[in-house]
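Notes follow the structure.
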Amino acid sequence: YNFTDCDFKNIKDIYQDVIHPELNVYINGVSEETFLKCIFIPDCLIKIEHFTFKPIYGCASLAKETFAKQTNATLSLGCSGYSGIQINNTQTMKKRRKREVKTDKCLEQVSYLIELWRRFSRIS
Amino acid sequence: ESGYAENGDFDDAEMDDYSFSCYSQLEVDGSQHLLTCAFDDPDINSTNMEFEICGALLEVDCLSFNKLQGVYLIKTKKFLLIGDSKICVKLGRKSMTCKKMNIVKIVKPEAPFDIRVVYRKGANDFEVTFNTSHLQKKYVKELMHEVAYRQEKSENDWMHMNLSSTKLMLLQRKLQPNAMYEIKVRSIPNTNYFEGFWSEWSPSFHFRTPETNGPGEMD
């Protein structure tokens with residue numbers, strides 16, 4: 001999906017009032033230097049989707065976080081033709097019961113997201 | 001919000017007016033949100049009537065309301081805060097009426113509190129301050145406040161001022177000298193995303209103006 005046909009204003013409003021506070025709760029003051037850039041608005045959303053939902057070695061679990069579900073709902077609502085990422089509710093309930101470990105890799109990943117969203121918010 | 005009967009065709013039993021209204025209060029108890037619904041007709045027989053919300057929820061598809069003295073409540077962390085939900089009035093398993101609602105568009109802030117007035121002789125004014133729990137919240141941090149004040153003896157002669165901060169100056173020369181005043185404040189969401197209703201009024205504060213006015217007597 002190339003995120004060109006989206007209501008960027010609505011996405012920005014939701015990011016500023018809902019997703020941003022949730023990302024801050026997750027990162028909880030841990031600030032990480034990141035040199036990740038996105039130039040155009042669709043490029044930002046493509047990277048936001050990637051870093052939010054694609055599991056990587058050392059951080060397999062962001063998709064179950066509240067900010068990820070809010071991102072999924074925001075992109076699904078805001079971008080016509082975007083069907084969103086399937087997040088299995090029952091699976092997340094089991095995962096949530098395990099003691100959640102916020103790995104450094106996940107914190108690094110979320111720092112990327114904060115930077116990408118910040119750029120998106122500034123250029124949209 | 002559009003209301004419609006679930007099954008579309010009405011017979012007499014279903015002609016009863018099950019219309020209802022709701023408002024949400026976010027992070028009202030830590031990170032728990034509160035959704036309150038009530039029938040518009042206070043005299044309706046609500047025995048066996050239940051409310052249920054589906055859609056735009058985290059980890060669950062639907063949630064049932066609790067009933068407390070004719071009002072239906074849900075306290076939960078599971079609001080996604082994005083997208084529409086469907087709220088239905090149910091009689092057993094049958095939906096009598098349903099409404100599409102968006103939790104973030106029916107937000108009723110908590111009432112402001114701790115309103116105080118301090119006379120500043122040197123500045124010939126009154127400094128009005130008040131507090132709001134929304135400053136500490138994650139969501140709905142930005143509110144518009146409406147301050148209302150009146151001379152106590154003039155029943156409905158309220159003066160109103162809107163502000164987004166929690167401090168306001170009333171010029172002494174704008175008030176009657178040696179008079180008792182009442183002042184109160186309420187709030188409404190003031191962001192692009194969260195919308196809703198006025199909060200309840202804060203408790204009032206009463207103060208008396210000094211005998212003589214400062215420079216520029218009130219005409």
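Here is the naming used below: chain letters follow the sequence lines, and residue numbers restart at 1 for every chain.
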ask   = Could you go step by step and tell me if A/Thr66 and B/Lys77 meet the side chain to side chain contact (heavy atoms under 4.5 Å, CB included) rule?
value = CA-CA 10 Å; A/Thr66 298; B/Lys77 297 179 181 178; over 6 Å; no
query = Within a reach of under 6.0 Å around CE of B/Met159, are more than 12 heavy atoms found that belong to other residues, nucleotides or ligands?
reply = no
ask   = Would one find more than 12 heavy atoms of other residues, nucleotides or ligands at under 6.0 Å from atom NZ of A/Lys105?
value = no
message = Could you measure the distance from the CD atom of A/Glu65 to the CG atom of B/Leu58? Nearest 0.5 Å is fine.
response = 11.0 Å
message = For B/Glu200, is the CD atom crowded, meaning more than 12 foreign heavy atoms sit under 6.0 Å from it?
response = no
request  = Please say whether more than 12 non-hydrogen atoms of neighbouring residues, nucleotides or ligands are located less than 6.0 Å from CZ in A/Phe40.
outcome  = no
key: Validation row: A/Lys69, B/Glu59 side chains within 4.5 angstrom (heavy atoms)   = yes
remark   = Nearest heavy-atom approach of A/Asp17 to B/Tyr193 is OD2-CB, 3.2 Å
Contacts of residues 129-141 of chain B with chain A (heavy atom under 4.5 Å) = B/Lys138, B/Tyr139
task = Under 4.5 Å heavy-atom distance to chain B, tell me which part of A/Lys12 shows up: side chain, backbone, both or neither.
result = neither
ask   = Is the backbone of B/Ile82 close enough, under 3.5 Å, to the side chain of A/Gln70 for a donor and an acceptor to pair up by distance?
value = no
ask   = Taking everything shown except B/Arg120 itself, do over 12 heavy atoms lie less than 6.0 Å from its CZ?
value = yes
